[in-house]
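Values reported hereafter were calculated over all heavy atoms of this structure, with side chains retained and with hydrogens, waters and symmetry mates removed. This structure is a prediction, so every number in the text was calculated from the model and none was measured.
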Amino acid sequence: MSNPNVRAHSFDGIEEFDNRLPNWWLWTFYTACIFSVGYWIYYHTIGTGDQPYEAFLHEQQAAAARLEAQLAANPINDESLLKLAKETAFVAEGEKIFKDMTKCALCHKPDGGGLIGPNLTDDMWIYGSRPMDIYETILKGRPRGMLAHEAQGVGFVQRATAYVLSIKNTNVAGGKAPEPDAKKAP
Ligand code: HEC
């Protein structure tokens, strides 16, 4: 073959063309090269753009701020607390508070089954099981050793309330027997 585009070498009789790459292909390549310079500067050199993890954090912060604003704007009542008890992320934050061994878990055990404080997973309540009852208990405390949590702020108390509402009536194994003055509540 005397094709001028065939390269000089041959391997076991296999020869190689050296054709010019099509223009459309070259342009996608050049554009990618130019784009990569801008990309590198934007994301890595001056760091204007968010890395995926930072973008995620910013979204989370924005969502938390929106929720906080919503909390501030809305009155606290049975309905609003029940609504919060259905927000998975909100309940998860309450769970973190509850299971902290320096907080609720210290007296109610991490699973809420009760130790120094009563079992919070049964249907027997001393101070009532309505969302506002639980909220008041956590906010103001109760005389026989339940601490007040006003100092931690309303957001803290709402999160803890949402979590208690989520474990109510789950009857964990090994839970403490009801207190003598507890009454059956829904
Ligand atoms: C220092 C121990 C202690 C800590 C910490 C504590 N509690 Fe209690 N809690 C108690 C005791 C004791 C009672 C019972 C009070 C009474 O009978 O007057 C109680 C009662 C309660 C009740 C009412 C139960 C009922 O039957 O009416 C709720 C709800 C509750 N606690 C939730 C919480 C949450 C949520 C936290 C964390 C934010 C928490 N507690 C932290 C000791 C504690």
Side-chain angles (χ1 to χ4, degrees), residues 47-186:
T48 328
D50 279 347
Q51 295 295 309
Y53 182 63
E54 290 162 355
F56 173 71
L57 282 184
H58 286 156
E59 272 173 34
Q60 291 252 297
Q61 279 163 2
R66 268 201 307 277
L67 192 61
E68 217 61 59
Q70 216 178 316
L71 291 182
N74 289 333
I76 300 164
N77 52 35
D78 283 346
E79 291 78 54
S80 74
L81 290 170
L82 280 176
K83 222 167 111 199
L84 289 172
K86 292 200 185 91
E87 302 247 5
T88 334
F90 197 78
V91 175
E93 286 169 19
E95 179 173 12
K96 223 179 277 163
I97 292 172
F98 194 91
K99 293 195 168 159
D100 182 334
M101 282 313 290
T102 67
K103 301 202 175 83
C104 325
L106 179 67
C107 300
H108 294 281
K109 284 199 13 200
D111 68 3
L115 192 67
I116 301 161
N119 186 346
L120 303 176
T121 70
D122 59 8
D123 59 354
M124 301 293 285
W125 294 79
I126 309 168
Y127 299 104
S129 71
R130 280 169 43 247
M132 278 311 278
D133 299 331
I134 294 171
Y135 180 81
E136 282 293 315
T137 296
I138 302 170
L139 186 73
K140 305 268 190 207
R142 297 293 183 185
R144 291 171 304 187
M146 172 62 193
L147 308 175
H149 292 86
E150 272 179 305
Q152 275 89 337
V154 166
F156 175 100
V157 178
Q158 283 178 308
R159 283 169 175 82
T161 306
Y163 183 65
V164 172
L165 287 170
S166 79
I167 60 171
K168 182 175 120 171
N169 293 334
T170 56
N171 295 301
V172 293
K176 202 176 161 193
E179 310 302 312
D181 56 345
K183 288 181 274 308
K184 200 168 164 63

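- Separating the CG atom in Leu57 from the CD atom in Gln51 is a distance of 12.0 Å, to the nearest 0.5 Å.
- In this structure, CG on Leu165 lies 11.5 Å from CZ on Arg130, to the nearest 0.5 angstrom.
- Smallest separation of non-hydrogen atoms from Ala173 and Asp111: O-OD2, 4.3 Å.
- Between Gln152 atom CD and Ile97 atom CD1 the span is 8.5 Å, to the nearest 0.5 Å.
- Put simply, the side chain of Lys176 gets close to the backbone of Leu115: a donor and an acceptor are under 3.5 Å apart.
- Asp181 contributes atom CG, which lies 13.5 Å from atom CH2 of Trp125 (distance to the nearest 0.5 angstrom).
- Here the side chains of Met124 and Lys184 are in contact, with some heavy-atom distance below 4.5 Å.
- Taking CG from Asp123 and OG1 from Thr170, the interatomic distance works out to 11.0 Å, rounded to the nearest 0.5 Å.
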inquiry  = Show, in sequence, the C-alpha distance, side-chain angles and deciding distance for Glu95 and Lys99, and conclude whether the salt bridge (Lys or Arg N to Asp or Glu O under 4.0 Å) test is met.
reply    = CA-CA 6 Å; Glu95 179 173 12; Lys99 293 195 168 159; 2.7 Å; yes
Step-by-step side-chain contact (heavy atoms from CB on, under 4.5 Å) determination, Phe90 to Arg159 = CA-CA 6 Å; Phe90 197 78; Arg159 283 169 175 82; 3.5 Å; yes
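- Residues Asp78 and Met132 come closest through the heavy atom pair OD1-N, 2.9 Å.
- Atom NZ of Lys83 has 12 or fewer heavy atoms from other residues, nucleotides or ligands within 6.0 Å.
- Proximity of a side-chain donor or acceptor of Thr121 to a complementary backbone N or O of Val172 within less than 3.5 Å is detected.
- Met101 and Leu106 get closest at one heavy-atom pair: O-CB, 3.3 Å.
- Between the side chain of Thr161 and the backbone N or O of Ile134 there is no donor-acceptor pair closer than 3.5 Å.
- Nearest heavy atoms, Ser80 versus Pro75: OG-O, 3.3 Å.
- No donor-acceptor pair closer than 3.5 Å links the side chain of His108 to the backbone N or O of Asn119.
- You'll find the side chain of Arg142 reaches within 4.5 Å of the side chain of Glu136, heavy atoms only.
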message = Does Val91 form a side-chain contact (heavy atoms from CB on, under 4.5 Å) with Phe98? I'd like the steps, not just the answer.
response = CA-CA 10 Å; Val91 175; Phe98 194 91; over 6 Å; no
task = For Val157 and Glu150, run side-chain contact (heavy atoms from CB on, under 4.5 Å): C-alpha distance rounded to whole Å, both residues' side-chain angles, the deciding distance at 0.1 Å, then the answer.
result = CA-CA 8 Å; Val157 178; Glu150 272 179 305; over 6 Å; no
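- The two residues Gly94 and Tyr163 have their closest heavy-atom pair at C-CB, 3.6 Å.
- To the nearest 0.5 Å, the span separating CG on Leu139 from CD on Gln158 amounts to 9.5 Å.
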